[in-house]
Amino acid sequence: MYIEITERAISTEDALKKLDLKGLGGLVTFSGIVRPTDIEGRPLSHLEYEAYTEMAHEELHKLCQEAAQRWGVHQIAIMHRVGQVEIGEPSVVIAVASEHRAEAFAACRYLIDTLKQTVPIWKKEICML
Amino acid sequence: MYIEITERAISTEDALKKLDLKGLGGLVTFSGIVRPTDIEGRPLSHLEYEAYTEMAHEELHKLCQEAAQRWGVHQIAIMHRVGQVEIGEPSVVIAVASEHRAEAFAACRYLIDTLKQTVPIWKKEICML
Amino acid sequence: MRVRVQLFSLLREAVGSDELVVDFGGLTAGELWTELEQRFPALASFRPSRAIAVNRQHAQESQPLSEGDEIAFFPPVSGG
Amino acid sequence: MRVRVQLFSLLREAVGSDELVVDFGGLTAGELWTELEQRFPALASFRPSRAIAVNRQHAQESQPLSEGDEIAFFPPVSGG
């Protein structure tokens with residue numbers, strides 16, 4: 001289980017490198033990518049993310065433990081950007097490997113959905129001038 | 001929409017390179033990896049995959065069109081190995097990008113589930129001697 | 001009529017060939033299979049599970065065939 | 001008691017500081033918020049939506065506080 005909150009760029013490949021796939025059969029990844037417009041269609045310059053870093057780490061760790069209990073998945077990597085994130089860059093990447101695919105899909109979906117609801121990270125949309 | 005049935009190694013990274021993420025916000029990938037044992041726990045040497053290649057292409061194309069209709073997702077890459085595939089290697093990789101994550105998750109799950117049910121590809125398990 | 005028959009996976013192995021060109025007096029895909037069973041008795045045990053494609057489309061036993069069709073018989077798919 | 005208060009996102013911007021050390025006469029996280037609102041009226045509009053963490057755990061207004069606790073107030077999270 002690997003958790004990183006970082007100002008540096010992240011990628012699906014980076015998250016995959018943190019997993020030990022030995023013996024496992026299903027690998028699911030999710031990347032959330034910064035879209036060029038806000039919810040009302042206004043063009044964005046970029047996003048700025050801020051985290052309560054220590055608590056965000058602890059909350060993400062709890063989510064991973066919940067996923068392990070519910071679906072028996074132990075190979076999980078979660079990376080989240082803070083600071084300025086440009087349009088088209090991933091702000092979050094999650095990778096989950098499990099013996100069979102159903103568990104990896106369920107856990108990956110749960111992790112991103114719950115991350116957005118409970119983990120103390122905030123996004124600020126910076127509009128185009 | 002990109003479909004490849006190939007004797008060469010495939011990877012999540014390869015599939016991602018085939019997508020145009022411009023303007024999209026959610027990216028989901030699935031990789032099916034060859035496990036070291038068969039369903040009864042016997043050690044495997046490797047797998048051999050065989051395809052009715054022309055029909056498999058057409059069936060995969062139909063699946064992509066169904067995913068486009070049902071979830072509005074147009075950025076899909078599907079790669080499947082044929083021939084000998086070693087333990088730990090991906091036999092199939094699917095990548096789906098969409099505006100929002102729900103559609104990418106649903107389409108990716110649909111594609112792998114339906115691929116396994118309808119696309120004319122066969123796996124042969126080669127046991128350890 | 002003359003049709004091209006492709007066999008895959010265990011059916012290919014049972015017959016020892018991946019493609020047959022068959023002169024065929026019947027009408028449907030199911031009748032073609034029955035004729036193949038007579039020539040290759042090893043196919044008989046696959047009848048309950050084997051699938052059919054005609055011109056690269058999934059098909060039923062009742063599917064009528066035409067001269068030049070590309071027919072395929074294969075066991076349940078197991079890709080992924 | 002003396003507690004450390006961290007503020008995030010819009011609350012940080014409203015107060016103009018990301019951390020306060022507060023000498024506090026009340027008992028609960030909700031009472032602490034009320035005291036902060038008196039010092040920083042710009043916080044009042046956030047009361048309906050703001051969340052609370054005590055020692056890095058999500059908490060309710062009724063949560064009793066102890067000397068040295070690390071309290072955080074923040075708007076609804078929006079990561080991902």
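Quantities reported herein were computed from a predicted structural model and do not represent experimental measurements. The chains referred to below are lettered A, B, ... by the order of the sequence lines, with proteins before strands, and numbering in each begins at 1.
Contact annotation for B:Lys116: both backbone and side-chain heavy atoms come within less than 4.5 Å of a heavy atom of chain C. Contacts between B:Tyr49 and chain C at a heavy-atom distance below 4.5 Å involve the side chain alone, from C-beta outward. Contacts of B:Ala56 with chain C are absent, with no heavy-atom separation under 4.5 Å from either backbone or side chain.
A side-chain hydrogen bond (donor to acceptor under 3.5 Å, both in side chains) with B:Arg81 is found for exactly one of B:Glu86, B:Glu4, B:Glu89, namely B:Glu89.
By the 4.0 Å N-to-carboxylate-O rule, B:Arg35 lies too far from B:Glu125 to be salt-bridged with it. Salt bridge status for C:Arg39 with C:Glu35: present, with a side-chain N to carboxylate O gap under 4.0 Å. Using a 4.0 Å cut-off between charged side-chain N and carboxylate O, B:Glu13 and B:Lys18 make no salt bridge.
Checked by atom type and distance alone, the side chain of B:Ser31 never pairs as donor or acceptor with a backbone atom of B:Ile33 at under 3.5 Å. Distance alone, capped at 3.5 Å, places no donor-acceptor pair between the C:Thr28 side chain and the C:Ser62 backbone.
The contact list for residues 65-80 of chain C toward chain B, using heavy atoms and a distance under 4.5 Å, reads C:Glu70, C:Ala72, C:Phe74, C:Pro75, C:Pro76, C:Val77, C:Ser78, C:Gly79, C:Gly80 by residue number.
With respect to chain C, the highest number of heavy-atom pairs below 4.5 Å among B:Leu115, B:Leu47, B:Thr118 belongs to B:Thr118. Each of B:Glu50, B:Glu48, B:Glu58, B:Glu54 has some count of heavy-atom pairs under 4.5 Å with chain C, and the biggest count is that of B:Glu50.
The side-chain tip of C:Arg2 does not point at the ring of C:Phe24 from less than 6.0 angstrom away and within 45° of straight on.
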Check the pair B:Ser98 / B:Leu24 against side-chain contact (heavy atoms from CB on, under 4.5 Å), numbers first and verdict last. CA-CA 5 Å; B:Ser98 61; B:Leu24 301 181; 5.6 Å; no

